[in-house]
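Worksheet: one structure, shown below.
By convention in this document, chain letters (A, B, ...) are assigned in the order of the sequence lines, proteins followed by strands, and residues within each chain are numbered from 1.
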Amino acid sequence: MPLETVDLDSLTEPQRLAATHLDGPMLVLAGPGSGKTRVITSRVAYLVREAGIAPWQVCAITFTNKAAAEMRRRVECFLTERQARAANLSTFHALCAKLLRQHGQRVGLTPNFSIYAMDEQQALAKQAIEQVKLPATSFQPSALLGRISSAKNELVDCHAFAAQASGFVEKNAAKVYVAYEKLLRANQAVDFDDLLVFAVRLLSEHQDIRGQVQDRWAYLLIDEYQDTNIAQFRLAELIAGPRGNLVVVGDPDQSIYRWRGADIRNILDFESHFPNARVVRLEQNFRSTQHILTAADRLIGHNTGRKPKKLFSDLGDGQQVRIVRYLDGSAEAQQVARWLMDLHVTHGVPYAQMAVFYRVNALSRELETAFRNAAIPYQIARGTAFFERKEIRDALAYLRMLVNPDDSLALERIVNLPPRGIGAQSLKAVEAWRIQHGLSLFQAMKQAEHITGLKARAIASLKAFTDQVDRWRHDLDAPPDDSLIGGQSEYRLRAFVERLIRQSGLEKFYKGKEQEPDEERALNLGELVSFTQQFEQELLRTMDEPPTLRARLEALMERVALVSDADGLESESGMVSLMTMHTAKGLEFDAVAVIAAEDGLLPHQRASQELEELEEERRLLFVAMTRARKWLQVSHTQLRMVFGNMQSAIPSRFLREIKGAGVREKRDDTPAEFQGGRGDVESVTGSAFAPGVEVNHPMFGRGRIIQASGGRLTVRFETFGIKTLMRDIAPLSRV
DNA sequence: TGATGGACTCTTTTT
DNA sequence: GAGTCCATCA
């Protein structure tokens with residue numbers, strides 16, 4: 001494939017300045033839709049192809065895997081595959097993980113350390129609270145984890161935290177922090193925040209490695225700089241080093257992660273921190289029409305202490321922004337679905353170019369129902385959801401404890417799953433032995449016959465279990481078996497995972513149950529196998545030599561630990577995307593609907609006390625609005641279901657701030673035509689729907705069934721043409 | 001030892 | 001409304 005040329009002439013003056021800047025620090029203030037991604041990719045291409053810089057000297061850091069993948073895809077148009085591979089384009093967390101796999105020993109980590117995500121953190125925090133013997137009722141794991149996380153983001157370790165803790169709550173939090181850290185280390189594990197903390201420690205304490213890194217990544221670029229926290233700032237500083245070839249790109253008006261430790265001062269104070277920094281402003285918007293931009297600008301204008309910025313577009317006024325009031329959430333969901341369908345039908349807007357944003361995940365449910373009933377294809381951005389499922393986490397725990405023998409948390413999770421007669425009592429005895437002899441849990445299990453208080457049956461079970469684990473571990477390091485035919489040896493990891501699911505008894509455990517949800521669990525395990533194969537395929541494609549089975553598994557574990565929600569979105573899917581406003585950052589769509597703009601939800605109850613919080617909520621809506629290219633509507637309702645009961649809702653104060661020229665207000669008080677999902681149509685399912693029968697659909701109107709098979713109905717509608725609907729779900733009635 | 005059912009608490013946003 | 005935790009029973 002011929003490489004594209006780096007076309008600097010098609011860039012605006014400020015864009016070109018940013019793309020061709022070479023030495024020293026630079027701050028690129030990039031408003032929404034200002035061609036930021038284009039600048040970044042042009043820059044990488046320019047550095048390598050025009051300025052003669054080796055691709056491996058380029059390091060560009062983003063926040064999400066999706067953004068990193070997108071960058072890689074675009075860069076691959078300009079560079080050879082080899083060059084693109086050599087450049088470091090990754091997320092902060094992936095970069096840190098890579099550094100620590102290589103040099104982690106220098107800061108006390110084994111190369112095969114586990115990465116604990118929320119669930120494991122929660123479990124560990126609970127153990128820590130138990131150890132510290134706190135009154136369990138007054139200390140919630142999640143609240144304590146929040147404190148610990150903030151501390152880590154500010155590079156405050158548990159000892160420093162304990163030293164400065166004052167008051168009952170703080171002192172106890174400190175105790176938990178200390179215990180939690182100890183548990184992490186005992187499991188040879190790090191949490192998300194630790195990835196940054198340890199990387200910073202590695203680079204600040206070890207001059208030789210810092211030197212290597214600084215020499216290597218001589219050209220550093222950081223995207224979404226407004227969302228960096230102290231640890232990330234420090235890391236950037238350490239990598240950039242005295243040379244200071246640091247280009248940061250961001251927009252203070254899109255800073256929405258304060259609650260996660262992001263410090264907006266990083267971008268606001270960049271110029272005073274790097275006095276020789278050049279500043280470039282990208283203010284022309286290439287995405288949205290003027291009405292959308294004006295409305296968004298009016299909103300954000302209510303924030304104080306901003307860097308002044310004027311957004312302009314030459315795409316024309318476009319459609320007016322709609323502010324719509326609906327009766328309740330289910331009417332809202334239905335009318336939003338109808339609005340999008342209408343855009344699809346009358347303006348030919350592809351569904352893939354549409355999105356619905358909401359403040360909290362819980363709001364997706366009614367939308368799902370509405371989209372399903374209207375037979376509109378949709379996807380929800382919850383990339384992590386799959387990996388949070390019990391059965392998937394079970395399988396992953398097996399894999400994790402194989403890779404990391406010290407990961408007792410994973411081991412505890414699966415030792416008796418499926419039940420093999422190693423119950424809580426037996427585990428207690430093993431645990432006591434483990435502590436007494438200073439062993440890891442697995443080592444202790446292997447000495448089962450010496451452990452007092454274990455019944456013969458438990459000893460036998462433990463022996464069988466540890467033998468099996470040893471066999472699996474042995475397999476991990478066995479040479480590939482070339483006698484296997486049909487590509488078996490190519491997808492070694494896939495084969496291994498498949499076998500493990502079977503041999504562990506997980507498959508039978510979940511399949512054996514006749515209940516419906518467990519049927520689904522077995523299917524999900526199958527999906528994990530497919531995911532593994534996909535991952536392995538990709539891995540083999542990007543490596544010069546096929547990695548060992550163990551290396552493949554380690555790579556898989558890392559990938560799984562670092563998935564994020566936006567990763568699940570497919571852009572070529574033909575589906576409407578539903579997601580939180582946070583996940584929406586960095587994306588764009590032709591048509592956008594923002595729902596539930598109501599007091600308490602937007603701004604959120606828990607973020608409307610302090611001015612700082614309130615302004616962040618305003619920025620959140622600003623981000624959401626500026627995702628839209630041509631159509632934008634923001635809606636609210638009179639009634640909102642909260643906690644299962646209806647409450648009357650107050651329109652968001654932000655709506656008042658948006659109103660003005662180019663914005664049209666509308667009321668739509670029609671009640672939802674169809675309540676709920678499956679339940680209500682049961683009376684008219686089955687043979688009532690046969691070919692030839694005339695039906696009515698709340699959204700598609702009248703039509704005639706032309707085919708019925710496998711629970712699916714193909715219907716020719718008078719106005720909407722031929723559609724295939726699920727018989728038991730679609731809200732059809734006979735005419 | 002394991003499964004089942006009921007009571008109980010939460011819900012912001014995520015790498 | 002829904003997931004989690006705990007207590008009770010087979």
Is A:T580 close enough to B:dT14 that one of its side-chain N or O atoms is under 4.0 Å from OP1 or OP2 there?
yes
Nucleotide nearest A:R365 (side chain, heavy atoms from C-beta), chosen from B:dT1, C:dA2, B:dT14:
C:dA2
When you measure from the side-chain N and O atoms of A:K126 to the phosphate of C:dC5, is any distance below 4.0 Å, counting only OP1 and OP2?
yes
Please work out if A:S426 contacts a base, only the sugar-phosphate, or nothing of the nucleic acid, heavy-atom cut-off 4.0 Å.
sugar-phosphate
What contact category does A:F92 fall into here, base, sugar-phosphate, or nothing, at under 4.0 angstrom with non-hydrogen atoms?
nothing
In this structure, how many angstroms lie between the P atom of B:dT1 and the CG atom of A:L417, rounded?
16 Å
When you measure from the centre of the six-membered ring of A:F198, is the NZ or CZ of A:R201 under 6.0 Å away and within 45° of the axis?
yes
A:D194 atom CG is separated from B:dT15 atom P, nearest whole Å, by 18 Å
When you check the gap from the basic side-chain N to the acidic O, do A:R101 and A:E554 get nearer than 4.0 Å?
no
P spacing across the pair C:dC6 / B:dT11, given as an integer number of angstrom
16 Å
A:H604 on top of B:dT12's base, within under 5.5 Å and under 30°?
yes
Atom CZ of A:R640 and atom P of C:dG1 are separated, to the nearest Å, by 16 Å
Under a 4.0 Å threshold between the charged nitrogen and the carboxylate oxygen, would A:D251 count as salt-bridged to A:K36?
no
Which part of the nucleic acid, if any, lies within reach of A:N361 when heavy atoms closer than 4.0 Å are counted: base, sugar-phosphate only, or nothing?
sugar-phosphate
Check for me whether A:R400 meets the cation-pi criterion with A:Y116, that is, NZ or CZ under 6.0 Å from the six-membered ring centre and within 45 degrees of the ring axis.
no
Can you measure A:R258 atom CZ to B:dT12 atom P for me and round it to whole angstrom units?
16 Å
Which part of the nucleic acid, if any, lies within contact of A:K66, taking any heavy atom under 4.0 Å across all strands shown: a base, the sugar-phosphate backbone alone, or nothing?
nothing
In whole angstroms, the gap separating C1' of C:dT4 from CZ of A:R393 amounts to 14 Å
A:R619 vs A:P252 side-chain heavy atoms within contact, under 4.5 Å
no
Any N or O donor-acceptor pair linking the side chain of A:R359 to the base of B:dT13 at under 3.5 Å?
yes
Using a 4.0 Å heavy-atom cut-off, does A:Q425 contact any base of the nucleic acid, only the sugar-phosphate backbone, or nothing at all?
sugar-phosphate
Show, in sequence, the C-alpha distance, side-chain angles and deciding distance for A:F387 and A:F531, and conclude whether the ring pair (Phe, Tyr, Trp, His ring centres under 6.0 Å) test is met.
CA-CA 11 Å; A:F387 297 97; A:F531 175 86; 5.1 Å; yes
Would you check, one step at a time, whether the test salt bridge (charged side-chain N to carboxylate O under 4.0 Å, His left out) holds for A:E368 with A:R365?
CA-CA 5 Å; A:E368 278 197 83; A:R365 186 155 298 122; 5.8 Å; no
Round to a whole Å and report the spacing from CG of A:D193 to C1' of B:dT15.
8 Å
Side-chain atoms of A:P419 come closest, of B:dT14, B:dT1, B:dA3, to B:dA3
With distance as the sole test, does A:Q254 use its side chain to make a donor-acceptor pair with the main-chain N or O of A:Q226 at under 3.5 Å?
no
For DNA chain B, what dot-bracket results from Watson-Crick or G-U pairs at under 3.5 Å, with [ ] for crossers and | for inter-strand partners?
||||||||||.....
Proximity to the side chain of A:F192 - top-ranked nucleotide from B:dT14, B:dT15, B:dT12
B:dT15
May I ask you to evaluate whether A:R260 reaches the phosphate of B:dT14, defined as a side-chain N or O under 4.0 Å from OP1 or OP2?
no
Using atom P in both nucleotides, what's the gap between B:dT13 and C:dT4 to the nearest angstrom?
15 Å
Of A:W259 and A:R457, whose nearest nucleotide on DNA chain B comes first from the 5' end?
A:R457
Indicate, with a heavy-atom threshold strictly under 4.0 Å, whether A:N416 touches base, sugar-phosphate, or nothing.
sugar-phosphate
Cation-pi check for A:F192 against A:K152: NZ or CZ below 6.0 Å from the six-membered ring centre and within 45 degrees of the axis, yes or no?
no
A:E120 CD to B:dT15 C1', in whole Å, measures 15 Å
Using whole Å, report how far CG of A:N65 lies from C1' of B:dT14.
12 Å
